[in-house]
Amino acid sequence: MDYSQVSATDQMNRSEESQMIIMEEFLDEDAAQVERLRRTLAARRHRRQTALPEAAGPPEPRTQERGRDKMAAPPPDAAPPAPRDLPPAPSTSRASFAECSVRERMREKLKAARSKAEINALQEDSSPHPRRSKSIRERKTEVKMDKTVQNDFPSAEEAYNFFTFSFDPEPESIKAGARKRNGLSEEEEAEEECVEANEDEEEEDKTDEDVRLVKDDDLFMIGQTAEDLVVMKPADYESYSEQLKKEKEFLFIPSKLTVSASEKMPGNMQPRYLEDEGIYTGERPSVSQSNQNILENRILRQEQGKKWFGDDGKILALPNPIKQSSTRPPIFSLEEAIAPELETVYAKAIKMTAANQYLVGPGDFQGPFQLDIDISGLIFTHHPCFSREHVLAAKLAQLYDQYLARKQKNLTELLTGKLDALRNAVQCSIDGGGAGVPVAQQRIPEYKLEIRQTRRLRDAEEEKDRMLLKTIIKVWKQIKSLRDFQKFTNTPMKLYLRKEETDQRLDEKRYEAEIQAEINELLEECTEEYEKKRAEYETELQKWKSWKKIQKSKKKKKKDINEEESVENYDLDEEPVKPIPPKKANILEIEQQVREKAASCRRKPGEPAVIPELVLSGSITPTELCPQAEVLRREDVKKRSAFIKVLFNSKEVSRTVTRPISSDFRVHFGQIFNLQIFNWPESLKLQIYDTVGKSSTTLLAEVFIPVPETTVLTGSAPMEEIEFSSNQRVMLDHEGVGSGVSFSFEADGSNKMTLMTSGKVSNSVSWAVGEKGIPLIPPVSQQNTGIPSSLKNIDAIASIGTSGLTDMKKLAKWAAEAKLDPNDPNNAALMKLIMVATSGEAQVPDYFRLEPLQQEFNFVSDEEFNRSKRFRLLQLRNGEVAEFRNYKQVPLHEREISEKIFQDYEKRLQERDVIDSKNVIDAHRAVVANYLQKVRESVINRFLIAKHHFILSDLVNEEEIPSLGILGLGLLKLTETKRPLKPKRKERKKVTAQNLSDGDIKLLVNIVRAYHIPVRKSVMSKLQQPSKSSRSFNEMFAAVPSAQSPADSPDWAFNQVLVRPFVEVSFQRTVCQTTTAEGPNPNWNEELELPFRAPNGDYSTHSLQSVKDEVFINVFDEVLHDAVEGDHERGSGIHAHVERHWLGCVKIPFTTIYFQGRIDGTFKMDIPPVLLGYSKEKNMGLERGYDSVRNLREGSYITLFITIEPQLIPGESVREKMNEMLKFDTQEDEKLLQAAEKYEAECTSKFPNRQCLTTVIDLSGKTVFITRYIKPLNPPQELLDATPNSSQTVAELVARYVALIPFLPDSVSFAGICDLWSTSDQFLYLLSGDEEEHAVLLCNYFLGMGKKAWLIIGSAIPEGPTAYVLTLEQGQYVVWNPSTGCFYGQYDTFCPLQNVYCLISCDNIWFNMQDYDSPVRINFDTSKPKLWKSFFSRSLPYPGLYSVQPEELVYQHSDKAAAVELQGRIEKLLKDKIMEWRPRHLTRWNRYCTSTLRNFLPLLEQNQGKDVEDDHEAELQKQLGDYRVSGFPIHRPFTEVRPLIEAVHSTGVHTIDISNVEFALAVYVHAYPQNVFSVWIYVASLVRNK
Amino acid sequence: MAEVHIIGQIVGGSGFPQRRLFCKWGLHAGGAWKLLSGLGSGQTQVDDPQVDDVAYWCHPLDVHFATKGLQGWPKLHLQVWHQDGLGRSEVLGYGFCHIPATPGCHSLACVTWRPRGTLWERLSQSLVGGGPQLRAPETSTTGAADRFRLRTEAAGTVHLQLGVLLRHFGRYGIEC
């Protein structure tokens, strides 16, 4: 037990010891440290021996040393027993105490370890351990290993075993390893032991004691209880003073006292002040002195503390980093100098307009500008209520004003002064200058001339002055006499004449001197003139004499020859007058003149100078004293009052109050009107109104006020007086003289005068100044008038243009001219630039760059950048340039884009301005084509913007919610009886064009049947008979002679040869044909399908609208010829030639089909007037009256049905959109436009599918009321003269003339935009237009010819919506198709006009209110308001709109020579083309036939292609007996050559490939006035009959 | 000769005090830049969100630029407007952001601000609508020296999704 107890403590001690050893080891790991430790230990020991108590002195920085010290040193006082001391006593002193306790513990451990070792040594003397030291070592290593391997300590037994066991085989190695590992510590241990050995000398007894004590304690402890172990202690408290004392031990408080410089400076250096030496030292940050001292004191205590001090003995410091000014100065007011681009404005919440919906463009702010109009008053210079006295007074006042004005100018004085000066100058130059100075000599005549002029001027002025004075006095006298006469005064006027007495003598002297001077001058002048004249006279005389001499000699000669002749000759020769010698001037005469003049216009000497003075101090006779008439007048005046209206852009904006006219006929208003405006004013007007009593208000006059200059601002604007006068005639029954009424001052009524109401308005107009002193003036750009504005001076770029900025000289010049203030900081940059540039000091770069350094950093040069084909292609595609709009994919690489792509485009760009006269034959047409192109472009540009604007309905498709009614109908339908046999119409689904591609759209053409196709003619000549194979059996049946046919001869039916017609439809180079039918009334009923390809694959509505392609429906006759000659071969086989002969065609533009959706009807075929080899059935009457009902017979007809599959929705034209968006400009009256809108709305609400047209757009894009287009105009005189007897033929001729003007639909030229109407003169100049222009011109012609004519707005087949002309002829309505020249009776079933919507005359519009709109079923009587709703009616009378048409059309005469030239060129071109089309064959031209054909053509023109067939045929037969001829004339109006070539090509004449074929071609051009050409082309092919 | 193609959309705006918003936008690039195709500016429709406060516009942007230099990389200017019940419009926020310079898809949030008026202006804005606007909205975002004078308050955020395609920048030594 005892042992175990001991062992427990032993173990405890041991573990403690091991800890200590670790500690020691840890401390001694570093050899050097150990060495040092040792040394210090030794030193300490020494010291301790000498002064041991000092160890507890002031704290040392190296606490470790001290710790070591303490540890090493035995405690001075007896240490408490170690185990009891185990829990360290709590201490109030913090760090030091903790330190102490640690040290103490260590010390104790060490002690314990030692005693233990001793005990062990004592106890185990007989142990196998050879040496004590070894066991320690062993233990140590073991512990160490233990420590390193596992953290927990071994149990007591384990430990004991461990240490007591003998490790036989291993110990060596372990020991070796341990030794090796702890080699150092072993050595140290040894050394320590040595040291300890030294120590032991003095400590030995103590240690022994300790050991013993420990033992005692251990024993003592066993008996103790828990109470013995716990001690109650009061809380430890250290007094404050004690704390302080303790703190003082280890705290350092630097003093605040100043440190002397010497302490801070190293060695014996003197402080050096850099600032004094002139070196810049920054300002040190301010630190309070005490702080500085503390810092210095503290630093100095440190090692090398002096390095913190500079040469000047101050702590080193950087300059003060704090900026003087704050980086974000406080804003005191927002107003002050905010950068303009950062200014904010309070914008009211506004509704957006469509115009500024994009972000681009500088700020939208266009604030209201202000114009101040100050109307101060009104002064009447004449008023109907003026009495006679007033009239005179007004006159006097006027004269007086004039006098004052003259006096202020004082021209007389000025001129007199000038005259004096000039005279002096002359005198001086004569006196002083002498002959020596040539310049002065030269000047004298100049001076004299000037003197003369000045004198004349002065005299005139003087005379005027005098006259004025005289008149003033005269008028005043008149007033006085009038006042005397009427015995009362009306005006307060009084004239004082102030006489200024003058010194008579002086005056006289001056007067005389003046006269003398004048006389002298005049004399001089006269002599001069005399000299001149004299010289002239001398020369004249000389001439005369010489002439005389010659005459005499001549006379002598001629006398010999012939007397009579000579006499005649002599008479013919003009005899020079013998000059008269000039007279010399007479002094007396001159003096007389001068004096007279002086007397008349100059104040006589001694006469006092009169100065008039007008005052208004006179008293007016009170009303009671006046006679009745005057009283009446005065009362009338009192009743009258006036006011002024202010009109801005002819709209009344404000008016003044009504003020009574005062008795002196002045009205004071004194009102200022502030007009807030947005745009630059167009006009400013004042209207002066006069009111009498309370009833009538009359407009007296209108005064236009000039719009003020931009410099005229409120506050500085002067008052201006603007005169006005009225032409009103007022007669009054009282004393007032009235206006416009003659009256007289004389008693006898002579000397009458008439005065008009007139007066002056004093006003001032100026621009207001805004809050910040900015004048509220609209931008100058709005100022479309060319006023040279002063604003222009201020902006350099505006005045010299941007290019000027690069030219320094220009800039400098401008700066000098504009008088820029060089001191103005705003101009500083500019002035500097100019200074540098002009002084030439600095190199000015010869370029100007907006972004400096841009160029330096560019990847590529501009040229290369612009050369990129890919970029260009992308841009062009983006810009929707026609050629590139539909490029779906742009190649990625430059090399993949060929150069050719741009060639067409560039060519087009170049050609825009260059007229290619080669392609277009006629020069005029070229010009027109060019002009048209430009108009087109400008219009397209204008509308392009509109096209890209979208309105809500374009983007949002809102389907209407079915209403209850529709639902009900739907329900009712369910109850309907089923009728399976009645097919129901299904609406085709409409397709929007956006997502279509090639091949999706097809054109369906259903050819139903044709009527009255020309049939082959049986030929008289046997040789010309068609071969047998072409005959068929049908001919017998088909050729049923019609009853009406005039050619009803018996053999007609039998001779008739059949035709085998077929139809070929060609569209966009795709050709389809039907099967061949037989007979003149074939029935095909075939559907042909043609693919439709949009240009460039663009299927947008816009693009589809501009498709120019036409559907050609050609009718051919298929002719079979036997190719085999001779009957002997006939049996074996059939060899036949198939020939096709063109019979006629119908053309339908694609746009018509597109807009109409479908085309269904019977159309007249365009058949040439003559078809060689074919005959047409004749129409019945040669006299074609209007009343003859037309029938089928007249032409061939074809029934067609054309549609597009799938159905496309035609895009609405831009007009509707435009109307909603930006409204066209117009000059029409607003009321009229409103009425038109209302009218249109009313009409379309009743008949939604009838078009109501009231306004149209003219070529300049302005809205014009439609009736302005209708006006009687003169047709060309040539046409009228052609057949003067028959009005009908003239009408036809005129229609033909109009039809000859080329047709060009607007929807093609102004693609997808709208109809533009050109006036008739524009139309005739451009020579192209669409239905409207043709119709308007024809209508105007008919009106000009005295017919009753209207314009029909309707729809026709195949044109769609169109315009026709209606005339009333002999009680019958006739419908004219203006683009073909055909006319139809009202009841004609084949009239292409299908619907009639409106009638338009020159003064009204009628809308069709009838149930039907087909011309057959309606009544054209416009006088019935139930049938026709008129625009102008009783409620809205016709205001008399002027016409946009010219007064008269001027025609160029037909140019026959040009026509002939054109004819030749066309013929040559066509022949070339035909040869070109037959590349494999030889083309022979039959000249004989050609010349024959050429003779026919003028005949055709003359007869307008009618009724010539027979003669024709016969003629040809006669001449070309043995040829089989097939051919026909083609008639076209002339526009260009290309369509003519197309026309010839489409007939397919050239396709004949019989080897011996010959051709004939003749062209005839007939010229009509104004370069309208009618072109006839006769093509024929001839085959020689064998 | 390098090309930048921006394809994306203005997705919407969030955090604005009002509903019924629309956005005006414009692209601004330096002088070396050239707009090859596409619109450089535009305006969205008005969106009146019923559920939350994010206005969706989904307004497409498709702009193709060519450039000969790096300076003036395109910037997108945005203005968010509010249309009130009377159909009047007032500005709610200005903002701008650079087009990302790296190729690929980018989701951007462009924060906006608006000028803050005086007390009186704010009062009238709350009563009758309208509000302070920049006189020159373009220049204010480019180079104004003392922008601190502008007193602004934060507005909402505009969300953008931009896909940027770059071409040929590498050819001129620009890595991206």
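To find a chain, count down the sequence lines: A is the first, B the second, and so on, and within it residues start at 1.
- A/Arg877 contributes atom CZ, which lies 10.0 Å from atom CG of B/Leu36 (distance to the nearest 0.5 angstrom).
- Of all non-hydrogen atoms in A/Gln875 and B/Leu35, the two that sit nearest each other are NE2-O, 3.5 Å.
- Only the side chain of A/Arg870 comes within contact range of chain B, with heavy atoms under 4.5 Å apart.
- Heavy atoms closer than 4.5 Å to chain A are found nowhere in B/His82, neither backbone nor side chain.
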Take B/His168 and A/Phe859 through the test side chain to side chain contact (heavy atoms under 4.5 Å, CB included) and record every step on the way to the result. CA-CA 11 Å; B/His168 287 336; A/Phe859 304 150; over 6 Å; no
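- For B/Arg167 (side chain) and A/Leu892 (main-chain N/O), a donor-acceptor pair under 3.5 Å exists by modelled atom type.
- With a 4.5 angstrom heavy-atom cutoff, B/Glu3 touches chain A only via side-chain atoms.
- Salt-bridge formation is not detected for the pair B/Lys68/A/Glu864: no Lys NZ or Arg NE/NH1/NH2 atom is positioned less than 4.0 Å from an Asp or Glu carboxylate oxygen.
- In A/Glu899, the CD atom is not crowded: 12 or fewer heavy atoms of neighbouring residues, nucleotides or ligands sit closer than 6.0 Å.
- Taking both residues in full, the closest heavy atoms of A/Tyr346 and B/Gly130 are given as OH-C, 4.0 Å, listed atom of the first, atom of the second, then distance.
- Distance check, rounded to the nearest 0.5 Å: CG of B/Leu70 to CG of A/Asn858 gives 9.5 Å.
- At a 4.5 Å heavy-atom cutoff, A/Leu873 makes no contact with chain B through either its backbone or its side chain.
- Contact tally against chain A (heavy-atom pairs below 4.5 Å) for B/Gly69, B/Pro115, B/Gly173: the top residue is B/Gly69.
- A cation-pi contact, defined as under 6.0 Å to the ring centre and within 45° of the axis, links B/Lys34 to A/Phe865.
- Put simply, of B/Ala2, B/Ser124, B/Gly40, the one with the most heavy-atom pairs under 4.5 Å next to chain A is B/Ser124.
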